[in-house]
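A note on names: the letters A, B, ... follow the listed sequences, proteins ahead of strands, and every chain is numbered from 1.
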Amino acid sequence: SHLLVAEPEKLFAMPDPLQPDTAQRTLTTLCDLADRELVVIIGWAKHIPGFLSLSLADQMSVLQSVWLEVLVLGVAYRSLGCEDEVVFAEDFVLDEEMSRVAGLTELNAAISQLARRFRALNVDREEFVMLKAIALTNSDSVYIEDMEAVQKLRDLLHQALLELECQRRPDDPQRAGRLLLTLPLLRQTAGRALNTFYSIKTRGGVPMHKLFLEMLEA
Amino acid sequence: QEKHKILHKLLQNGN
């Protein structure tokens, strides 16, 4: 229930109505949304039990390594209800054709694959917020100084997931494990997203806010 | 940390 309360309000992409609906507008909208989402993710992380007990340097290392996993997990969860469409925001849904035009085919295929995995598991909101918090603490950053403290947080959240599933689905002892086994695909998907954003940045021409650039470069 | 100024600031500040 703590994680449900910590869940941020939804963001809107608000594509610029004065710009023609082109690949350029799609990419600009996407990068602007990602930047605002980052601010929200950083604020959200502070509400995850124990996160603020990490040193400031370790909070930074953790977020720098997992922010895109947290972001992608949110997008995949929002896309559960739509096959072959990726719901970056309620007012910013990209189908296969729009993705192709914007050069986002690979990213959208990857997020759709993750969403299919969650759909097959019928992941609900409680499980989504648990997984997102676990993904935060599942960092493998080599820059973390006190890994034991991060491991403790991870264990705490893992235990909470086990208890949740034990209460709600005592007939399905594999449920928690099945959810955790989606984390490798989440990491792979975030890797695809990083490649996509990095090549948008390298090609240039799409405005990117400072925080977004800072995190991409980290 | 100098390179990651905004993240540093957002984590240090209140919500």
Query - A:Gln59 side chain vs B:Leu11 backbone, donor-acceptor pair below 3.5 Å - result: no

Report task. Starting at CD of B:Gln12, measure out to CG of A:Leu56 and round the result to the nearest 0.5 Å. Result -> 5.5 Å

Report summary line: Heavy atoms of A:Lys46 and B:Asn13 approach each other most closely as NZ-O, 2.6 Å

Query - Distance-minimising heavy-atom pair for A:Glu214 and B:Lys5 - result: OE1-N, 3.3 Å

Report summary line: Scored by heavy-atom pairs under 4.5 Å with chain B, the best of A:Met215, A:Lys210, A:Gln64, A:Glu217 is A:Gln64

Requested in this report: Let me know if A:Tyr143 has heavy atoms under 4.5 Å from chain B in its side chain, its backbone, both or neither.
Outcome: neither

Requested in this report: For A:Leu211 and B:Ile6, work out which heavy atoms get closest and say how close.
Outcome: N-CD1, 3.5 Å

